[in-house]
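I have placed the structure first, in the form of structure tokens, so that the comments after it can refer back to it.
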Amino acid sequence: MDTVLSGIRSTGNLHLGNYFGAVKNFIKMQEENNCYFFIADYHSLTTYPTPEDLHNNVKSVLAEYLATGLDPEKSTIYVQSDIPEIPELYLLLNMNAYVGELERTTSFKDKVRTQPNNVNAGLLTYPVLMAADILIHKSHKVPVGKDQEQNLEMARKFAKRFNHMYKVNYFPEPQPYNFGEALVKVPGLDGTGKMGKTAGNGIYLVDDDKSIRKKVMRAVTDSGPTEANSIITEPIQNLFTLMGLVSTPDTVDFFKEKYASCEIRYGDMKKQLAEDIIKFVMPIREKILSIKSNNDYLRKVAEQGAEQARENASKTLREVREIIGFRKF
Ligand code: TYM
């Protein structure tokens, strides 16, 4: 059986991008594989959360994982910072990660551009920590959205380099896992780019009806088609993409036809989209809120997950230390 690993950074609540890009597939994956799903709280430190926010965000993501259908009896669900073997493997992998290659990653270059006054070493070695997350369980498959493709490529590079350096065939080279489909990019509401936590363009699974309506009604559009069957612009295509995720095919076709014949009213389309998002989100939101208030359950799940994850992680680390040459007298 293959080992699958995936993580979500705990920098806020889950949005529709996380859900349709990753979580939806996690639920299917847990039926067929040996799965590890974790909350990347060390990774969230690059954005300096307050201690209260740090804790609360971890708790939210755990409640959201469970509310969307991850089952602690089928998968190992854990918090990254409960597994001290991960930072130790990160230290070891850092010795064979070159500053030049880390500086060349797109996400690091983006950070240098967008926050030149805070280019911390944690950002530079972010892909090494992610590789440690993946390799600690000797994972074969990693489900990711398009945005994480390069980080996964780095993990493969570090696995290969370790094997080569110590002349072993120890770490598998982790492959992307999306059931053979192309990696997904769920768009945001600001007309361009992906839905994200930091961009403020997202709809969260815990959003209430009123804020969903408000956000969708404010989504960027254009001045409308003037010629029959004209090409759909990016902001409108993004609305259609979101509609494709939450609305029925009939609804999507209805608005596509209205667009093609230049009769579309974006206000009507947005109203429909908002109602369909609400219908989709409402039952999940209710589950999240009820699970989040059950602290005993969350503690039990996190403890059980940490114990299972550590058992496997400590075996890997023992073997890695032996391979490297840390031996008892
Ligand atoms: P994060 O927390 O940004 O996102 C978690 C997962 O959601 C996917 N995703 C999206 N997919 C499609 N469209 C979107 N708009 C969208 N936004 C987010 C991401 O691709 C990801 O699958 N570095 C990782 C967390 C991490 C990790 C790991 C992942 C740490 N260690 C090890 C896998 C394996 C991150 O920041 O994801």
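Keep in mind that this is a model prediction, so the values were computed, not measured. Both counts, for ligands and for their atoms, begin at 1 and track the order of listing. Position 1 is the first residue of the sequence; numbering continues from there.
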For the 3.5 Å polar cut-off, considering only N or O atoms, please tell me whether [X] and ligand 1 meet it.
X: K194; answer: no
X: R9; answer: yes
X: V144; answer: no
X: D147; answer: yes
X: D133; answer: yes
X: N151; answer: no

Q.
Angle between ring planes, F38 versus Y78, binned at 30° and 60°: parallel, tilted or perpendicular?
A. parallel
**Q.** Parallel, tilted or perpendicular: ring planes of F37 versus F26, cut at 30 and 60 degrees
**A.** parallel
Q.
Take a 6.0 Å sphere around CG of N169 and say whether it holds more than 12 heavy atoms from other residues, nucleotides or ligands.
A. no
Q) Looking only at heavy atoms of Y126, does any of them come nearer than 4.0 Å to an atom of ligand 1? A) yes
Q. Are the aromatic ring centres of F254 and Y259 under 6.0 angstrom apart?
A. no
Using a 4.0 Å cutoff against the non-hydrogen atoms of [X], which atoms of ligand 1 qualify?
X: H15; result: 17 (N)
X: H43; result: 30 (C), 31 (N)
X: K185; result: 12 (C), 13 (N)
X: L5; result: 32 (C), 34 (C)
X: N18; result: 4 (O), 5 (C), 6 (C), 7 (O), 9 (N), 18 (C)

Suppose we measure from [atom] to each protein heavy atom; which comes out shortest, and what is that distance?
atom: atom 10 (C) of ligand 1; answer: G17 O, 3.5 Å
atom: atom 35 (C) of ligand 1; answer: Q148 NE2, 3.4 Å
atom: atom 13 (N) of ligand 1; answer: V186 N, 2.8 Å
atom: atom 29 (C) of ligand 1; answer: G7 O, 3.4 Å
atom: atom 28 (C) of ligand 1; answer: M130 CG, 3.4 Å
atom: atom 12 (C) of ligand 1; answer: V184 O, 3.3 Å

Q: List in chain and number order the residues that pass salt bridge (charged side-chain N to carboxylate O under 4.0 Å, His left out) with R156, two or more places apart in sequence or in another chain; answer none if no residue qualifies.
A: none
**Q.** Results of salt bridge (charged side-chain N to carboxylate O under 4.0 Å, His left out) for E31 - residues two or more places apart only
**A.** K74
Q.
Assess whether a salt bridge exists between D209 and K279, defined as any Lys/Arg side-chain N lying under 4.0 Å from an Asp/Glu carboxylate O.
A. no
Q. Do R104 and E101 meet the salt-bridge criterion of a basic N to acidic O distance under 4.0 Å?
A. no
Q) Passes side chain to side chain contact (heavy atoms under 4.5 Å, CB included), K214 versus K210? Steps please. A) CA-CA 6 Å; K214 206 159 130 193; K210 208 171 135 200; 5.8 Å; no
Q: With K138 as the cation and Y170 as the aromatic partner, state whether NZ or CZ is under 6.0 Å from the six-membered ring centre and within 45° of the axis.
A: yes
Q.
Nearest 0.5 angstrom please: L129 CG to I86 CD1, how far?
A. 7.5 Å
Q) Quick one: CD1 on I134 to CD1 on I136, what's the gap to the nearest 0.5 Å? A) 12.0 Å
(Q) Tell me the contacting part of F38 for ligand 1: side chain, backbone, both, or neither, using a 4.0 Å heavy-atom threshold, strictly below. (A) side chain
Q: Between S107, A22, G21, S6, flag the one that comes closest to atom 6 (C) of ligand 1 by a heavy atom.
A: A22
Q. Heavy-atom distance to atom 22 (O) of ligand 1: which of G196, A40, G145, P174 wins?
A. G145
Q.
Is it the case that the side chain of K215 and the backbone of I203 share a donor-acceptor pair, with hydrogens and angles ignored and the cut-off at 3.5 Å?
A. no
